[in-house]
Every structure is written in C-alpha cells, then in structure tokens.
Amino acid sequence: MNETSDAGAAGMDFIRQRVRADLASGRYDGRVVTRFPPEPNGYLHVGHATGICLNFGIAAEFGGRCHLRFDDTNPEKENEEFARSIQEDVRWLGFDWGEHLYYASDYFERMYECAVTLIRKGLAYVDSQPLEAIREGRGTVNEPGRLSPYRDRGVEENLDLFRRMREGEFGDGAHVLRGRIDMGHPNMLMRDPVLYRIRHASHYRQGDAWCIYPLYDYAHCLEDAFEAVTHSICTIEFENNREVYDWVLESVGFGEPRPHQHEWAGLDLENAVLSKRAIGPLVQAGVVSGWDDPRLATISGYRRRGIPPEAIRLFAKIVGVTRSGARTEEAKLDFAIREVLNAEAPRVMAVLDPLKLVITNWPEGAEEELEAPYFPPDVGREGSRVVPFGRELWIERSDFAEHPPEGFRRLVPGGEVRLRHAYVVRCDEVVHDELGEVAELRCTYDARTRSGTSPDGRKVKGTIHWVAAGHARDAEVRLFAPLLLSEEEAAEARDADAPLGASVADEAAVSLLSRVNPASLTVVRTAKVEPSVASDDPATRYQFERNGYFWRDPVDGRGEALVFNRIVGLKSGYDGARAAEPAGADRPAADRHRKAPRDSQPSSGSGPGARPQLGDARIRARAEDPALARRFELYTGELGLPEEQADLLTGTPAAGDFFEAALAVHDDAATVAGWVVSDVRGVLDGRGISELPFDGAALGRLVALVAAGSVSRRAGKDVLARMAAEGGDPAELVEAMGLASVSDADELAAIVDGVLARWPDKVREYREGRPQLVGLFVGEVMKATRGAADPQVVRTLLSQRLDS
RNA sequence: UGGCCCGUCGUCUAAUGGCAGGACACCGGUCUUUGGAACCGGUAGUGGUGGUUCGAAUCCACCCGGGCCAACCA
C-alpha cells in the first residue's frame with residue numbers, strides 16, 4: 001500500500017483524483033479552473049451533457065470555477081443561434097458559469113501577438129506551399145514527412161509575410177503559418193502543424209475584422225492559458241493533440257503552473273446518434289422535426305421529450321469517467337429517468353388503445369366521483385384528484401383477452417378484474433363487430449368492492465386502468481423508438497465519420513439517412529385521458545399508470561391541444577405488456593455488442609516449453625550492433641539469464657550499462673536482472689533508463705540491502721519508487737522512510753495477533769475456507785509496519801495461528 | 001517505420017502490489033388496488049501466455065482484440 005494514498009480517493013474518477021492531487025501539492029496554489037468549450041456549430045447532445053457534468057461538477061466539488069467558452073475559431077460553421085442554444089442547454093442542465101462566459105474570437109489579437117513571438121523565436125514560419133503539397137509533405141504514419149522549401153525563411157521575412165496575411169494582402173490558401181517542430185515526428189500532429197490559415201469569411205461575432213484564423217491546436221491551449229484554466233478536460237480523441245498543446249504553451253512562454261490537458265473517453269450511448277456531423281444531416285433532410293426532435297439525443301430533444309435534467313445528471317454519475325472506450329446501454333439512461341420520475345410524477349390514468357366496457361348493472365345516466373390519490377403509498381407524497389366513474393368506460397384493448405396466454409392477469413371472459421381506484425367487474429359478454437374483432441365488453445360490477453373497501457377480503461388477480469367514456473379527453477400520444485435501424489449500421493456511420501472530403505461526407509450522410517427507422521415515431525391519435533389533466537400545469541410530468549411516463553409536448557401540446565410525449569416506458573415484468581402498445585411501437589432490437597467477440601487465442605508461441613518472445617526492435621538492434629549481440633551471448637551464457645531477460649537488457653546500450661553497473665555493486669546476476677527488467681522498468685514512466693535520477697550502482701546498493709535482509713523486498717520497492725521520483729541513496733532512504741526490516745518474531749507476533757483480533761469475522765471466514773484472506777492479514781501487518789515486516793516471517797506466524 | 005491510448009460480471013464501473021466490490025440488466029422470492037415502486041436473495045468478471053514477487057486485475061515482456069492520428073475542422 002502506497003503510504004501517500006488515501007481512502008478518500010477511492011471511488012473517485014482518475015481526473016478528480018488528479019485534481020485532488022494537484023490541490024494537495026499546491027501546484028496551482030489552490031485554484032481549480034475548468035471549462036466547457038463547445039464550438040457553436042450545432043446543438044449539444046447527451047455526450048456533451050456528461051462533459052458538462054464533469055467540468056462543472058469538478059469545479060463545484062473542489063471550490064473552483066468552470067468557464068463556458070465558445071471555441072469559435074472557424075467562421076464558416078458557427079453562428080449565433082447555436083451559441084444561444086448551447087447557453088440555454090447548459091443552464092437547463094442546472095449549471096451556472098457566473099460571469100465566466102468567454103469567446104475564443106475575443107482573443108484573436110492576443111493570439112496574433114503570440115504567433116509573432118513564435119516567429120521571433122524561430123519556432124514558426126510562413127509556408128507558401130499549396131494545400132496539397134503540405135498534405136503530401138506531411139508523410140504518412142509509416143513514412144516521415146519532407147521539409148517545406150519555405151521552412152528556413154528568415155524571421156524578418158516571416159514577420160512581414162504574416163503581417164501581410166493579416167492585412168488581407170493574400171487570397172485564401174496562399175500562405176499558412178506553421179509551427180517549426182519536426183517533420184519526422186512519429187506523432188503526425190507534431191509534423192509542423194498549421195497554426196493560422198487565410199480565410200476571407202465573415203465571422204458571426206468579429207465580422208470582417210480578421211481574414212486569418214487560428215486553428216484548434218494553436219488556439220485552444222492559448223484560450224486555456226489566457227483564462228488561467230488549470231485542468232483542461234477533453235475527450236480521448238484529442239490525446240494526440242496534447243503534445244502540440246504542450247509545445248505551443250511552452251514555446252510561447254507559458255511556464256508552470258500552466259493548464260494541462262486530461263482526456264477521458266466520453267460517452268457512447270446505445271441507440272443514440274452522438275455526433276453533430278451525423279445529427280445535422282438528419283435535421284436538414286427533414287427526417288426529424290428539428291434539433292429538438294424528441295427522438296434525438298440532443299439536450300434540446302431530451303428536454304422536449306420530457307426527460308428531467310436531474311435524470312441526465314444522475315445518468316452521468318452512473319456512467320462514470322474513465323479512459324476506456326465503452327458503450328453504455330440505453331437501459332441505464334432509462335433507469336436514471338425512472339428513478340427521478342418515480343419519486344415526482346403524479347399518477348393518472350390514460351388509455352392509449354381504447355376498448356369500450358359497459359357496466360350493465362350500473363344505472364343509466366348515473367355517475368360517481370371517485371377520489372384518487374396522485375401517488376401510491378410507497379412514494380409518500382400527498383395529493384389527489386377527482387376521477388369520474390360511469391356506466392361506459394374505456395379500457396386498454398390489451399387488458400382483455402378472449403384466449404388468454406398463460407400467466408395473463410387481466411380481464412378474460414367470465415373473469416374478474418379490479419378497475420383501478422374503483423370497483424371489481426366481471427366480464428359477462430364479449431361483443432364482436434362484423435369483422436370478428438372485439439368491439440365491446442359487457443360487464444357487471446360489485447358495489448361492495450369500491451376502492452378502499454374490502455368487505456370479504458376478496459383478492460382479484462389483476463388491476464387495470466380505465467377512463468370514463470363520458471368525461472374522457474381525446475389526446476394524441478407520441479411514442480418513440482430508436483431513430484436508426486441497427487447497431488452495425490450505426491457503426492458503419494461512425495467509420496464513415498472519419499476525416500474525408502466533402503463529397504464522401506455527403507455519402508456518409510446519405511447512408512445514414514438510409515438507415516432511419518421508419519417506425520421511430522408512433523403517433524397514437526386514439527388516446528383517452530382522464531379529465532383532470534386538462535387543467536393541470538402543462539409542464540407536469542405524469543405517470544400514466546401501467547403505460548409509462550409522459551408529459552405534454554412543449555411545442556405541439558400547449559393550449560387546448562392534448563399532445564403527450566412518452567418520456568420512457570415503465571419497466572415491465574410481463575413480456576405480454578408489449579401487446580399493450582399499438583403496432584409500430586417497436587422496442588429496441590435485441591442487444592448487440594460492440595466489442596468483437598474475443599476469438600480463442602492462438603496457442604502457438606506460448607505455453608509451457610515455448611520459446612520466449614523477444615522484441616522485434618531489440619532483435620534488430622542487436623543485429624545492427626555487434627556489441628549488443630555480444631552482451632546478449634554473455635548474459636544468456638556466462639551469467640545464465642533467461643533469454644527474455646537478456647533480451648530486455650540488450651535492446652539498447654544504456655540498459656546493459658545500467659545492469660552491469662548494478663552488477664558491479666551486487667554480484668548476483670539473476671536477482672539484479674529481475675530488478676532491472678521488471679521493477680526498474682516499472683518506474684520509468686516514459687523516461688529512458690539513463691534519464692533516471694539514480695544510476696545502476698544505486699540500484700545495486702538497494703538490491704544488496706534487500707539481499708542482506710536489511711530491508712524487505714516489499715519495502716525495497718517503495719524505496720525504488722522514491723528513488724525514481726527524486727533520486728537519493730538507498731540506505732539513507734531506508735533510514736528516512738523508517739523501513740528497516742522487522743523480522744524479529746516476537747515483535748511481529750504481537751502485530752499479527754493485533755491484526756487477527758481486529759478481524760474476527762475474517763478469521764472465521766478464513767477457517768471456513770477462504771484461504772485467499774491470508775493476503776488481507778499479511779497486507780494489514782505490512783501496513784502496520786509500513787512495509788518493513790518480513791512477509792515470510794509474517795506468513796509463518798499467521799499459519800501457526802490460523803491453521804492449527 | 002509507425003506513434004500513442006484502452007481491455008475487470010451481459011453492460012457501466014471500483015479495487016492505485018494484500019478480501020475481485022457496487023450499480024444497471026437478468027433470474028427467483030416477499031409485498032402490492034400499477035405485471036410500477038420497495039424489500040430479500042441469486043447468476044455472472046480480471047483477453048491470452050510467460051516472468052518478477054511471500055502475494056499480481058495492478059509491475060515487466062510477448063501475443064490477441066479495440067480506439068485515435070496523415071482537414072488550411074474542432
């Protein structure tokens with residue numbers, strides 16, 4: 001157990017842990033500043049919503065602030081409407097940026113000055129190659145790029161050209177400003193990235209003030225730095241951009257403490273189209289009614305559908321924050337919605353697919369007003385409304401079956417059922433129309449069974465909802481199903497989303513449109529709703545009992561028009577509940593997994609007796625360098641190391657040097673090799689072995705200490721970690737960290753007894769057959785001694801006490 | 001001659017060398033005037049092979065699988 005770790009960090013996502021660590025180390029002087037930086041080129045979707053929850057959530061939890069910043073550096077795609085809708089969406093989700101609303105376009109002048117700085121430092125140049133030449137010159141992932149013929153222009157010439165670019169002297173594409181980094185860099189983005197381009201286009205905020213515009217990699221990090229952002233959180237596809245981010249900031253002169261970028265995977269949600277590039281065409285083609293169509297996963301679509309913002313925030317919490325690309329099941333969103341609505345939504349009755357039920361023993365023209373609570377007892381909320389009851393009622397067609405399937409608990413010929421909040425009725429007669437369809441049910445009611453009374457304790461197997469025919473209000477109900485037909489095809493759409501020319505993007509849009517589910521929207525015009533809803537606040541979210549959660553469409557369902565959206569269905573414990581839905585209200589198709597099935601692993605090259613697998617790069621290195629090859633022979637021969645270890649020690653001269661330096665101090669090849677190939681490599685953290693703040697000799701001294709029993713191997717690893725972080729002499733560190741080995745049996749016995757006394761339950765479990773719990777006991781003893789105990793001795797002591 | 005990142009129950013996620021845990025979903029049961037909710041219980045996982053270690057999901061190597069990168073988009 002790392003002594004600096006803290007139980008408070010457990011369960012915290014890796015970004016929050018990082019923020020916490022930065023706070024603890026004082027890196028940013030106690031400041032936490034995050035930002036949500038959308039480009040105003042479309043409407044926000046639920047993926048953005050999780051990002052908003054992350055950024056604003058961190059700011060709130062750590063006493064910092066979160067900026068809303070429009071990353072509006074591309075005049076051709078952005079507009080005011082999008083900027084307006086984004087602010088509305090963020091606010092609706094429940095977050096507040098205070099006075100921290102910013103626009104990248106307000107920084108253009110400062111960014112220009114930074115570019116001049118870069119030019120003066122010789123770190124940027126004006127490239128006058130045409131676009132195609134720049135593209136070709138960048139090389140490929142397998143080949144280095146070529147230097148631009150303009151790369152070595154003088155500072156003065158660059159300055160002059162850049163100034164004239166700004167002044168509008170050149171047409172689009174005549175020149176660009178590029179960072180002068182490395183055309184052979186393995187990271188393509190570092191191959192002299194384009195910083196500025198000429199674009200004679202009107203910007204929605206800046207008008208024609210500028211004709212050069214900065215590109216993302218240059219602009220974004222500067223925006224963060226200008227605003228003193230501490231943690232710049234973005235999604236994983238920007239991972240490769242981080243290197244440029246750091247280069248620009250360091251090159252311009254923003255030293256520590258400066259903003260740092262952290263990437264997380266972002267949301268991928270089953271059955272949702274989560275890309276502005278994909279949503280846009282659906283809107284433009286009229287497949288959906290607009291960016292706020294309830295079938296869309298846009299925030300405005302969710303809002304219109306009726307999903308409460310609390311549910312989206314809960315969903316974000318459920319999904320979590322990691323770096324692993326994962327697709328979340330729609331069921332989790334549904335759960336979050338139901339969780340919120342179950343506690344809040346008043347229950348009322350609505351019949352979507354009505355079937356007439358006549359109570360023959362109810363006096364003609366007689367009516368009764370029933371008082372019905374809005375909430376079931378378990379919700380614990382007050383409130384009720386009056387529900388009229390009469391001779392003729394509407395019930396759900398699917399709540400009756402002439403030939404009931406097994407397990408059917410509703411109305412059948414000759415059977416009884418309770419009408420919710422009212423009476424028990426018996427079906428005496430089924431009336432058919434000329435087509436043979438059930439047209440009407442003729443029933444009798446039992447006056448003694450009025451809701452709240454139970455004269456003879458009689459139980460009826462089913463309860464169904466209903467609406468009195470004479471008082472029912474006609475309503476339109478809209479049911480939603482996934483917009484796209486299948487997961488696989490959606491996956492293709494994602495592939496087609498890759499960077500491509502405009503014509504191909506259009507093809508992608510076309511193929512997207514071809515996968516639209518024709519049944520994604522079901523409009524039910526026959527619905528009957530109890531009259532109380534007509535006078536409620538139109539923004540009320542209801543549970544239509546046994547049908548799901550609904551609310552009035554905020555666009556089409558206002559005024560007199562009773563138009564309801566189904567926010568989400570109820571969880572159903574009965575498959576046949578599907579039959580309750582009018583045809584066309586498809587459920588999502590059976591789950592399909594995005595992850596490819598893991599094929600059985602080829603067994604060749606592994607398994608007992610198999611040849612060790614050596615690294616190609618190291619084999620090549622030895623082929624080119626006879627000195628390395630000789631070392632390999634020496635290590636496997638005279639020193640008797642396994643090939644795999646020898647391989648790792650002879651990939652570079654530095655590795656072998658390090659190993660041999662350690663060996664000179666402690667002459668045990670097998671042990672030293674183990675430390676070097678396994679433990680030392682584990683603390684490199686991206687560094688080369690020669691960049692470590694300690695040398696091979698220091699490792700040798702540490703290994704010697706462990707071998708001598710002065711320090712446990714476990715504690716030795718802690719010492720190594722400290723050495724990797726800040727250097728130092730092993731013996732002194734052992735002293736300073738208080739890790740001198742404790743192997744005195746009496747001393748350890750007392751600690752062991754103490755641990756066992758603290759965990760009586762676990763001791764019992766161990767004796768009852770959970771041997772793996774020994775790890776817990778050893779771990780506790782190690783913790784108590786800060787890793788200094790000799791684990792062999794501890795195990796022996798434990799065994800004496802537990803296994804006797 | 002590629003570089004970087006990611007693989008834990010069906011799904012999402014926790015465990016930061018020491019008990020593989022939670023949630024969703026699913027399956028039982030209790031309760032119920034919603035086939036809802038609630039409550040109780042259950043099934044189920046560290047991609048593979050080696051190595052280091054008293055001890056590996058965690059460290060090392062190789063393999064397998066997935067993602068990102070060659071816009072003058074963000």
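Atom set for the values below is all heavy atoms of this structure, side chains included, hydrogens, waters and symmetry mates excluded. In what follows, chains are A, B, ... by sequence order, proteins preceding strands, each numbered from 1. What you see is a predicted model; the values in this text were computed from it and never measured.
- For Arg618(A), taking side-chain heavy atoms from C-beta onward, the closest of the listed nucleotides C12(B), U52(B), A61(B) is A61(B).
- Nucleotide G41(B) is matched to C27(B) when pairs are restricted to Watson-Crick or G-U wobble geometry with both distances under 3.5 angstrom.
- Taking the C1' atoms as reference points, A14(B) lies 16 Å from G7(B), given to the whole Å.
- Minimum atom distance to the side chain of Met188(A) is reached by G2(B), of the listed U52(B), G2(B), A61(B).
- Using a 4.0 Å heavy-atom distance criterion, Glu143(A) is classed as a base contact.
- Annotation: G47(B) and G65(B) have their C1' atoms spaced 7 Å apart (nearest Å).
- The aromatic rings of His48(A) and Phe36(A) sit perpendicular to each other, their planes meeting at more than 60°, with 30° as the lower class boundary.
- Base pairing analysis places U8(B) opposite nothing; no Watson-Crick or G-U wobble pair with both distances below 3.5 Å involves it.
- Atom CZ of Arg713(A) is separated from atom P of A56(B) by 13 Å (rounded to the nearest Å).
- Across all strands shown, G55(B) forms no Watson-Crick or G-U wobble pair with both distances under 3.5 Å.
- When each of U33(B), C5(B), A25(B) is scored by its nearest atom to the side-chain atoms of Arg323(A), the top-ranked nucleotide is C5(B).
- Taking atom CZ of residue Arg135(A) and atom C1' of nucleotide C72(B), one finds them 9 Å apart after rounding to whole Å.
- Within the shown strands, nothing qualifies as a pairing partner of A15(B) under the Watson-Crick or G-U definition with both distances less than 3.5 Å.
- Using P as the reference atom, U46(B) and C54(B) are 26 Å apart when rounded to the nearest Å.
- Base-pair partner of U33(B): not found among the strands shown (Watson-Crick or G-U wobble, both distances under 3.5 Å).
- Side-chain contact annotation: Gln129(A) with Asp127(A), donor-acceptor N/O pair under 3.5 Å present.
- Contacts of Leu773(A) with the nucleic acid, taken as non-hydrogen atoms under 4.0 Å apart, include base atoms.
- Atom CZ of Phe170(A) and atom C1' of C72(B) are 16 Å apart (whole Å).
- A71(B) has its base syn relative to the sugar, with a glycosidic angle deviating from 0 by at most 90°.
- Distance noted for atom C1' between G10(B) and G3(B): 34 Å (whole Å).
- Residue contacts shown for Glu243(A) are absent, as no nucleic acid heavy atom lies under 4.0 Å away.
- Which of C19(B), C24(B), G18(B) sits closest to the side chain of Trp759(A) comes down to C19(B).
- Distance Lys762(A) NZ to G21(B) C1': 11 Å, rounded to the nearest Å.
- Counting any heavy atom pair closer than 4.0 Å across all strands shown, Lys571(A) reaches sugar-phosphate atoms only and no base atom.
- The separation between Leu341(A) atom CG and G36(B) atom P is 17 Å, rounded to whole Å.
- Neither side chain, Ser398(A) nor Glu396(A), offers a donor N or O lying under 3.5 Å from an acceptor on the other.
- Note on Val176(A): a base of the nucleic acid sits closer than 4.0 angstrom, heavy atoms only.
- Residue Val141(A) is in base contact, counting any heavy-atom pair closer than 4.0 Å across all strands shown.
- Ring geometry for Tyr196(A) against Tyr218(A) counts as tilted: the plane angle lies between 30° and 60°, on a 0 to 90° scale.
- Asn241(A) comes within 4.0 angstrom of a base, heavy atoms only.
- Counting non-hydrogen atoms under 4.0 angstrom, Pro214(A) reaches the backbone sugars and phosphates but no base.
- Closest contact between the side chain of Gln792(A) and the listed nucleotides C72(B), C54(B), A61(B) involves C54(B).
- A donor-acceptor distance shorter than 3.5 angstrom exists from the side chain of Arg347(A) to the backbone of Ala345(A), with no hydrogens or angles considered.
- The Ser451(A) side chain lies nearest to U33(B) when the options are G51(B), U33(B), G36(B).
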- What's the verdict on salt bridge (Lys or Arg N to Asp or Glu O under 4.0 Å) for Asp224(A) and Arg69(A), showing C-alpha distance, side-chain angles and the deciding distance? CA-CA 10 Å; Asp224(A) 288 340; Arg69(A) 178 174 70 228; 2.7 Å; yes
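- The backbone N or O of Leu370(A) sits nowhere less than 3.5 Å from a side-chain atom of Arg450(A) that would complete a donor-acceptor pair.
- Residue contacts shown for Phe238(A) include a base, since a base heavy atom lies under 4.0 Å away.
- Regarding Asp718(A), its CG atom lies at a distance of 11 Å from the P atom of G18(B), rounded to whole Å.
- Residue Glu545(A) is in base contact, counting any heavy-atom pair closer than 4.0 Å across all strands shown.
- The side chain of Gln645(A) approaches G51(B) more closely than any other nucleotide in the set C72(B), G51(B), G36(B).
- Put simply, the side chain of Thr785(A) gets close to the backbone of Val781(A): a donor and an acceptor are under 3.5 Å apart.
- Taking 3.5 Å as the limit, the base of G50(B) and the side chain of Glu644(A) contain a donor-acceptor pair of atoms between them.
- Distances from the side chain of Ser678(A) to the nucleotides C60(B), A20(B), U34(B) place C60(B) closest.
- Nucleic acid contact class of Asn74(A) (heavy atoms, under 4.0 Å, all strands): sugar-phosphate only.
- Atom C1' of nucleotide A71(B) and atom CD of Glu136(A) are separated by 15 Å, given to the nearest angstrom.
- Counting only N and O atoms by type, the side chains of Glu263(A) and Gln261(A) include a donor and acceptor under 3.5 Å apart.
- A distance of about 46 Å separates the C1' atoms of G36(B) and G17(B), rounded to the whole Å.
- Among the protein residues, Ser712(A) comes within range of no part of the nucleic acid, since none of its heavy atoms lies under 4.0 Å from any strand.
- Residue Arg191(A) has no polar side-chain atom (N or O) positioned under 4.0 Å from OP1 or OP2 of A70(B).
- Only the C1' atoms considered, C9(B) is 15 Å distant from A15(B), to the nearest whole Å.
- Between A25(B), C19(B), U34(B), one nucleotide has an atom nearer to the side chain of Arg420(A) than all others, and that is U34(B).
- Taking the ring axis of Tyr213(A) as reference, the NZ or CZ atom of Arg199(A) does not stay both within 45° of it and closer than 6.0 Å to the ring centre.
- Using a 4.0 Å heavy-atom distance criterion, Glu132(A) is classed as making no nucleic acid contact.
- Checked against U34(B), A37(B), A25(B), the side chain of Asn342(A) finds its nearest nucleotide in A37(B).
- Ser572(A) has no side-chain polar atom (N or O) that falls below the 4.0 Å cut-off from OP1 or OP2 of G35(B).
- Both Arg770(A) and Gly682(A) lie near RNA chain B, and the one whose nearest nucleotide falls closer to the 5' end is Arg770(A).
- Taking atom P in both U13(B) and C6(B), the straight-line distance is 13 Å, to the nearest Å.
- Among the protein residues, Arg681(A) comes within range of the sugar-phosphate backbone only, with heavy atoms under 4.0 Å from sugar or phosphate atoms but none that close to a base.
- Nucleotides C19(B) and C12(B) place their C1' atoms 23 Å apart, quoted to the nearest Å.
- For the pair His220(A) and Ser324(A), both in contact range of RNA chain B, the more 5′-proximal nearest nucleotide belongs to Ser324(A).
- What separates CZ of Arg138(A) from P of A70(B) is a distance of 8 Å, to the nearest Å.
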